[in-house]
Amino acid sequence: MKYRLSEKARQILNHLSTMKRPLSASSIAKSLGLKDETVRSLLRSLRQRKLIEDKETTRIEFYQLTPEGQHFATKGLPEIRLVKLLAKQGDEGSVESIAKEKVLKPSEQTLALGWARQNKWISVSERDGHTWMKLMSNATEAIKQHPLQLALESAEESGLLQLDDVKFEKKDLRRIQNTLRKRKLAELVSRQTITVSITSKGHQALKAALTDEELIRDLSPDLLKSESWKDQDFMPYNLRAPTSPLYPGKKHPFVEFIDRLKRVLIGLGFQEAKGPLVEIEFWNNDALFMPQDHVAREVHDAYQIKTPKGPGRIIDESALKRVAKTHENGWTTGSTGWRYPYSFDIARRLVMRSQTTSVSMRFLSKHKKPPITMFSIDRNFRPEKFDATHSAEFIQIEGIIGSKDLTLRDLMGYIKAIAKGVGVEKLKFKPGFFPFTEPSVESFIFIPELGWREFGGSGIFRPEVTLPFGIDFPVLAWGLGADRLAMAALGIGDIRELATRNLGQLRKASMRF
Ligand code: PHE
């Protein structure tokens, strides 16, 4: 019986035969200096040919870096960065002088100080009302080849830390393991691996195998002409050989999601518009018929701007006057207005934009002929407490469409089409209230991980909003939560994960649409 063995397959059989015990793929790979995935695919074909067999399965343990661990792997542990900073400042520095360098984030400064002190790298004293840190003599030496830092760095690329891959002394090893756990830099995970051993058929093969040189790898013109291929064997292809996963560079899933959304809207015939992040209250609120000094203004709060102090400039003075009159007495819109003295100073105050509806108003003031179709997907800011579904900065999918015969049904249809464009079909509508629309509709989407969540507001702009800009036909408007939609589309239960930098997670992320 003839056996064909590739050079590497022969090496593996040989290794198993001399070691005389079952071995795991990764240990074979390490001993022979081959790649893990190469060995795995060779083992697979050897197993199919019954030259090796599976023995027991064993668990191997390794650590997976947390986002913080990953960060320190790249940037260095904060206490090490602190020592380097102090060394640069002549071995001593005050807490303020360190903070000024901006090498450490405020949260990291506390960590760095605590750990450097515990490691006895620095001594801390109070002088002239300042806290001073002084390097101890061993510190600069201790941070070179620092075991924990080395361990983290060895895992920087894959996010996986296999401690037996890095050569450490026993006592260091124990300390690293404890610290990783205590500081939540990595989590212990375990995986099953199987070991294989050589069969008797494998031993035979090893003795009788043809070498690679005796097999034809490439069919050459000579081989064809001489017909000598007829008496020789071909090296077989192993088309089933598993390959290792490839992680090519790709966009962050949230960026990809926003790109996709834009394509959906462009596909629906909308044109993209942009507006400033620092906005005057006129566009953020007044033009939207939100009274200047009234609870209705507090539908949401906006951040005021300290510098520059303003006031901002309103170019179209006549539009400003019409809006002012509309607020005071309804102007010619048929409304009674809010009945208060309008302040031009408030109108010019600067805020961080709290809604991209301001972009819609800027657009409307320049595009007055139907049909009007515009969208803007951009950032807004509101003072909010940070939690799983709220962030002080959020992205809205804003849009308007204005034309003679539009109705509320069209509005709901557009919102559905936008969500459907990214694969989200579970949607509900309820009546709502906004000072600038009548009727108003609130929509809800289903986030598998959280249940039904508010998706955004919409409605038909009131005449008090459109008439001052010379628009006398219905304008449908909406402002939807891009973050919420992304959570539903990407299967994410926590808004903070949208901006994740966890490599493992990013590599696995896939679009559901
Ligand atoms: N701007 C509103 C918000 O941020 C949403 C909205 C937009 C409502 C357009 C109606 C029309 O809550």
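We count ligands from 1, going down the list as the structure has it; atoms in each ligand are counted the same way. Starting from 1, each residue takes its place in the sequence as its number.
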Ligand 1 atoms in contact with [X] (distance to a heavy atom under 4.0 Å):
X    : result
E398 : 7 (C), 9 (C)
T357 : 1 (N), 7 (C)
G479 : 5 (C), 6 (C), 7 (C), 9 (C)
A477 : 9 (C), 11 (C)

**Request:** Would you mind reporting whether E442 and E454 have side-chain heavy atoms less than 4.5 Å apart?
**Result:**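 Yes - at least one pair of side-chain heavy atoms lies under 4.5 Å apart.
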**Request:** Answer yes or no on whether R183 is positioned over the face of W115, meaning its NZ or CZ is under 6.0 Å from the six-membered ring centre and within 45° of the axis.
**Result:**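 Because its charged atom sits under 6.0 Å from the ring centre and within 45° of the axis, R183 does stack over W115.
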Would one find more than 12 heavy atoms of other residues, nucleotides or ligands at under 6.0 Å from atom [atom1] of [X]?
X    : atom1 : result
K274 : NZ    : yes
K88  : NZ    : no
K262 : NZ    : yes

**Item:** N or O contact, Q355 vs ligand 1, cut-off under 3.5 Å
**Value:**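 Among all N and O atoms of Q355, at least one is under 3.5 Å from an N or O of ligand 1.
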Give a yes/no on ligand 1: does [X] have at least one heavy atom closer than 4.0 angstrom to it?
X    : answer
F436 : yes
S458 : yes
R382 : yes

**Passing candidate, side chain to side chain contact (heavy atoms under 4.5 Å, CB included) with I397, options T356, I415, L480, D378** =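 Between I397 and the candidates, side chain to side chain contact (heavy atoms under 4.5 Å, CB included) is satisfied uniquely by L480.
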